[in-house]
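The analysis underlying the following values was restricted to heavy atoms, covering all of them including side chains, and did not include hydrogens, waters or symmetry mates.
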Amino acid sequence: MHDPYRPHEALVAPARPSSTLVRLVLGVVLTVVLVFSLIFAASALLNALIPIQQWDSVTDTLETGATPVGVLANLYVFGFVIAALAIALRNVHGRRISSLIGNWRLAKLQFGRVCIYLIALHLALSVLLPMNPDIAPTPNMAFASWLAFLPLALPALLIQTGAEELVFRGYMQSQLAARFSNPRIWIIVPSVCFGLMHYDPVINGDNAWLVVFWATAFGLVAADLTARTGTLGPAVAVHFINNFFAIFLAAPADNFDGLALYTFPFGLDDTDIVWLWAPVDLMVLFVSWLTARLALRV
């Protein structure tokens, strides 16, 4: 019988020599400790370089992502995650971080192909889906300014989405798959962890668990694509395009909108509108999964 997840073996095989749950827990803990240590060191350096009078405004900018610099800083900080994971992998599992990606050339080809298909999909949906005039996005940045930031913004977004995929699909999924043969375990567990990472009642208010549910559903999509293709390329592509449209093209008002070309006139804590829009978001996610599979014929 045909096994659609057979390509996943390319990512699972390097995990087998160190597939115990104890090592996985140690690897996750070490990664988290290293990430916070690197962020603390970076904060201490900034604190030493920036006058104390300006520090409050700088931290506010970084926390809210209300300016282009704030958004870029929040995205580039995920480079610490990649560095921490690389150190943890080497010391706990004896693995290189490249082993989480799969065949590098194939991953790049799959990433590019899925990106092209998804850009076409999102552009088509933006034309075909009806938009309520009351919640239509309004201009937030001058196009020339937005365009000028893209050379810095696109690599930053690739670092952010790549870091999350390396941790949840590359690392956790492959280590669990090496330990457990049942796909339900190594697909669902990292996806739920990914969803819980997005729990933020301060920003999302009463919609916090709805955001967790959507992020978990996204994790399932990314996990399935990773298992079907044997590389992180497609999962990173879906993540990259989703976040590009959500962060750089049209973002909710007052929520990480510093680099958005347009903003919606509502926040993620607006219960009525977010719940009204949630089925559309889930539909777009489902169609994106189908489109990625179509792009790669998997």
Side-chain angles (χ1 to χ4, degrees), residues 8 11 15 24 27-36 38-39 62 65 71-89 95 97-102 107-108 110-111 114-115 118 153-177 186-200 203-204 208 211-227 229 231-248 251 255-256 259 268 281 285 288-289 292:
H8 195 219
L11 297 175
L24 175 57
V28 170
V29 170
L30 180 57
T31 300
V32 171
V33 170
L34 288 172
V35 168
F36 279 104
L38 290 170
I39 292 175
L62 294 178
V71 173
L72 290 174
N74 274 279
L75 295 177
Y76 274 113
V77 79
F78 279 84
F80 292 149
V81 177
I82 296 175
L85 180 60
I87 295 170
L89 276 172
R95 298 180 61 181
I97 199 165
S98 58
S99 68
L100 304 181
I101 300 171
K108 288 192 296 182
Q110 291 175 339
F111 173 85
V114 172
C115 279
L118 289 180
L154 293 179
L157 187 62
L158 187 60
I159 287 172
Q160 180 256 321
T161 54
E164 292 187 355
E165 292 309 313
L166 282 167
V167 170
F168 292 97
R169 262 61 69 178
Y171 177 45
M172 291 184 67
Q173 182 170 318
S174 67
Q175 290 295 143
L176 286 172
W186 49 262
I187 284 181
I188 293 175
V189 172
S191 299
V192 171
C193 292
F194 180 72
L196 291 173
M197 187 189 72
H198 289 78
Y199 179 73
D200 191 341
I203 293 177
N204 302 325
V211 174
V212 169
F213 176 78
W214 186 93
T216 301
F218 178 89
L220 296 174
V221 165
D224 177 79
L225 290 173
T226 299
T229 61
T231 83
L232 277 193
V236 175
V238 175
H239 206 156
F240 182 86
I241 296 301
N242 175 80
N243 284 17
F244 176 85
F245 280 86
I247 297 174
F248 295 155
N255 181 61
F256 213 61
L259 259 177
L268 289 177
D281 251 358
L285 177 61
S288 295
W289 172 65

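The two residues Ala84 and Thr31 have their closest heavy-atom pair at CB-O, 3.6 Å. Annotation for Leu225 and Pro234: closest pair CB-CB, 4.2 Å, computed over non-hydrogen atoms. Between Thr216 and Gly195, the shortest heavy-atom distance links the atoms OG1-CA, 3.4 Å. Closest heavy-atom contact between Leu11 and Gly102: CD2-N, 3.4 Å. Across Gly219 and Arg169, no two heavy atoms sit closer than the pair CA-NH1, 3.4 Å. In terms of heavy-atom proximity, His8 sits nearest to Thr226 at CD2-O, 4.1 Å.
Under the rule for a side-chain contact (heavy atoms from CB on, under 4.5 Å), the partners of Ala107 that lie at least two apart in sequence or sit in another chain are Ile101, Thr231. In this view, Ala163 and Phe78, Val81, Ile82 satisfy the side-chain contact (heavy atoms from CB on, under 4.5 Å) rule, not counting sequence neighbours. Partners of Asn204 under the side-chain hydrogen bond (donor to acceptor under 3.5 Å, both in side chains) rule, at least two apart in sequence or in another chain, do not exist in this structure. Scored by the ring pair (Phe, Tyr, Trp, His ring centres under 6.0 Å) test, His239 finds Phe194, Phe218 as partners (sequence neighbours excluded). With sequence neighbours excluded, the residues that form a ring pair (Phe, Tyr, Trp, His ring centres under 6.0 Å) with Tyr199 are Trp209.
With rounding to the nearest 0.5 angstrom, the OH atom of Tyr76 is 10.0 Å from the CG atom of Leu157. Rounded to the nearest 0.5 angstrom, Phe240 CZ and Thr161 OG1 are separated by 6.5 Å. Here the CD1 atom belonging to Ile97 is positioned 6.0 Å from the CG atom belonging to Leu89, to the nearest 0.5 angstrom.
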(Q) Could you go through Gln175 and Arg95, starting from their C-alpha distance and side-chain angles, then the distance that decides it, and tell me whether this counts as side-chain contact (heavy atoms from CB on, under 4.5 Å)? (A) CA-CA 11 Å; Gln175 290 295 143; Arg95 298 180 61 181; 2.7 Å; yes
Q: Might you work through the side-chain contact (heavy atoms from CB on, under 4.5 Å) test for Val211 and Asp200, ending with a clear yes or no?
A: CA-CA 9 Å; Val211 174; Asp200 191 341; over 6 Å; no
Q.
Go through it in stages, so that I can follow the logic: the residues are Ile39 and Val35, the test is side-chain contact (heavy atoms from CB on, under 4.5 Å), and I'd like the CA-CA distance, side-chain angles, deciding distance and then a yes or no.
A. CA-CA 6 Å; Ile39 292 175; Val35 168; 3.8 Å; yes
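With ring centers used as reference points, Trp214 lies 6.0 Å or more from His198.
Contact annotation: the side chain of Leu100 approaches that of Ser174 to within less than 4.5 Å [non-hydrogen atoms, C-beta and beyond]. Two residues are said to be in side-chain contact when any heavy atoms from C-beta on lie closer than 4.5 Å; Leu166 and Tyr171 fail this criterion.
Counted within 6.0 Å of CZ on Phe213, heavy atoms from surrounding residues, nucleotides or ligands total 12 or fewer; the atom is thus considered open.
For residues 186-198, no residue pair satisfies the salt bridge (charged side-chain N to carboxylate O under 4.0 Å, His left out) rule, not counting sequence neighbours.
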